[in-house]
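Residue numbering restarts at 1 for every chain, and letters A, B, ... go by the order of the sequence lines. Not measured: the values here are computed from a predicted model.
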Number of protein chains: 2
Amino acid sequence: MQIIIDIDDPVPIFSQLVEQIKQAVAGEKIQPGDPLPSIRQLANDLDVNSKTVAKAYKLLERDAVIQSRGYRGTFVHPEAKDNCQIDIKAWATSQFEEFILAMRDAGVTDSEMRITFNNVLNGK
Amino acid sequence: MQIIIDIDDPVPIFSQLVEQIKQAVAGEKIQPGDPLPSIRQLANDLDVNSKTVAKAYKLLERDAVIQSRGYRGTFVHPEAKDNCQIDIKAWATSQFEEFILAMRDAGVTDSEMRITFNNVLNGK
DNA sequence: ACTTGTACCATTACCACACATGGAACATAT
DNA sequence: ATATGTTCCATGTGTGGTAATGGTACAAGT
């Protein structure tokens, strides 16, 4: 597996990692059950902070594309091929679009939405 | 009618204006049909920028608490007393709470929600 | 001992937004 | 002329989040 990180790319590093690993799974360059490099190992190879790799792995595990097994390392998820096609981002986007349209119809300002949204997210 | 602006108050000036005018309507210190000071006049009296007063008036008009009649000035809305009780902000907050909870249940990160929310708002 | 993922602490840079301010112009009416 | 609300331009300040960095530490297993 080969991963290339472009520092000048406006896309965050952790996102580049997520996308390239998903592509590797979709392109069958890595198969379900295959081991992935450890967080520290990959961080070292790419000359990137380990926290950045950890963030990418965490997102990939949430999407059930990889599986973290603690001290045993990280592996490609059994149903990775299916799960890496599911784009939770696209789904969330459509949900937000619908919600925001309803809000605008109700006369809520974009500015008010931003403020309310942040207040609720921060639990205030 | 008497309006007091507190610069040190963390509450934005335009919000202070909106609240105090709503209170004046609810407390029947100004009646439906009564004229309000012009934007420039009030801005001058309070030593505040006219844009700030215009913003407050715009919000009050959206809530149907006041009515702008162009060159003729601004007046208290006929159904002002009813409308200034309706708190669109509280309603929006509850809507957002419900929506955000559903998103979290679906496994969407707060960070992803922020990004998606902004993308949709900006039409990207 | 060594490595695994994970969890805290922290700082730095950047960027987007809210808020407020100022100037200028417009159409509409007295 | 004067005044109304409205709309465009622009700037500055403060806040807050994202992203990335670094260090330290832990439990669990080889």
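In this structure, the CG atom of B:D8 is 15 Å from the C1' atom of C:dC19, given to the nearest Å. As a whole-Å value, the separation of A:I13 CD1 from C:dA13 C1' is 13 Å. Rounded to whole Å, the distance from CG on B:N44 to C1' on C:dT21 is 15 Å. Distance CG (B:D9) to C1' (C:dA20): 15 Å, rounded to an integer number of Å. Taking atom CG on A:N122 and atom C1' on D:dT15, their separation rounds to 12 Å, with Å as the unit. What separates CG of B:L46 from P of C:dA20 is a distance of 13 Å, to the nearest Å. Following rounding to the nearest Å, A:D47 (CG) and D:dA20 (P) show an atom-to-atom distance of 14 Å. Rounded to an integer number of Å, the gap from B:Q16 CD to C:dC19 P is 12 Å.
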Can you give the donor-acceptor pairs under 3.5 Å from side chains of residues 78-89 of chain A to other protein atoms, not counting sequence neighbours?
| residue | atom | partner | partner atom | Å |
| --- | --- | --- | --- | --- |
| A:N83 | ND2 | A:A64 | O | 3.0 |
| A:N83 | ND2 | A:E79 | O | 3.2 |
| A:D87 | OD1 | A:K89 | N | 3.2 |

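Note on B:K55: every side-chain N or O is 4.0 Å or more away from OP1 and OP2 of C:dA20. When the side-chain nitrogen and oxygen atoms of B:N49 are compared with OP1 and OP2 of C:dG22, one or more of them lie within a distance under 4.0 Å. Note on B:S50: every side-chain N or O is 4.0 Å or more away from OP1 and OP2 of C:dG22. Close to D:dG17, at under 4.0 Å from its OP1 or OP2, lies no side-chain N or O of B:N118.
B:F99 and A:F99 have parallel rings, their planes meeting at less than 30° on a 0 to 90° scale where 60° marks the start of perpendicular.
A:A43 and A:S50 make their closest contact through CB-CA, 3.5 Å (heavy atoms, listed as atom of the first residue, atom of the second, distance). Closest non-hydrogen pair, B:I4 versus B:Q20, comes out as O-NE2, 2.6 Å.
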> Just by protein heavy atoms under 4.0 Å, how would nucleotides 4-12 of chain C read 5' to 3' in B, S and -?
Replying inline: BBBBB----

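Distance CD/A:Q67 to CG/A:L60: 12.5 Å, rounded to 0.5 Å.
For the side-chain contact (heavy atoms from CB on, under 4.5 Å) test with B:Y57, the passing option among B:T52, B:V18, B:V65, B:I39 is B:I39; the others fail.
Every residue meeting the salt bridge (charged side-chain N to carboxylate O under 4.0 Å, His left out) condition with A:R104, not counting sequence neighbours, appears here in chain and number order: A:D110. Under the salt bridge (charged side-chain N to carboxylate O under 4.0 Å, His left out) criterion, B:E112 pairs with A:R62, sequence neighbours left out. The salt bridge (charged side-chain N to carboxylate O under 4.0 Å, His left out) check on B:K58 picks up nothing, with sequence neighbours excluded.
A heavy atom lying under 4.0 Å from DNA chain D marks the following residues of residues 99-117 of chain B, by number: B:S111, B:R114, B:I115.
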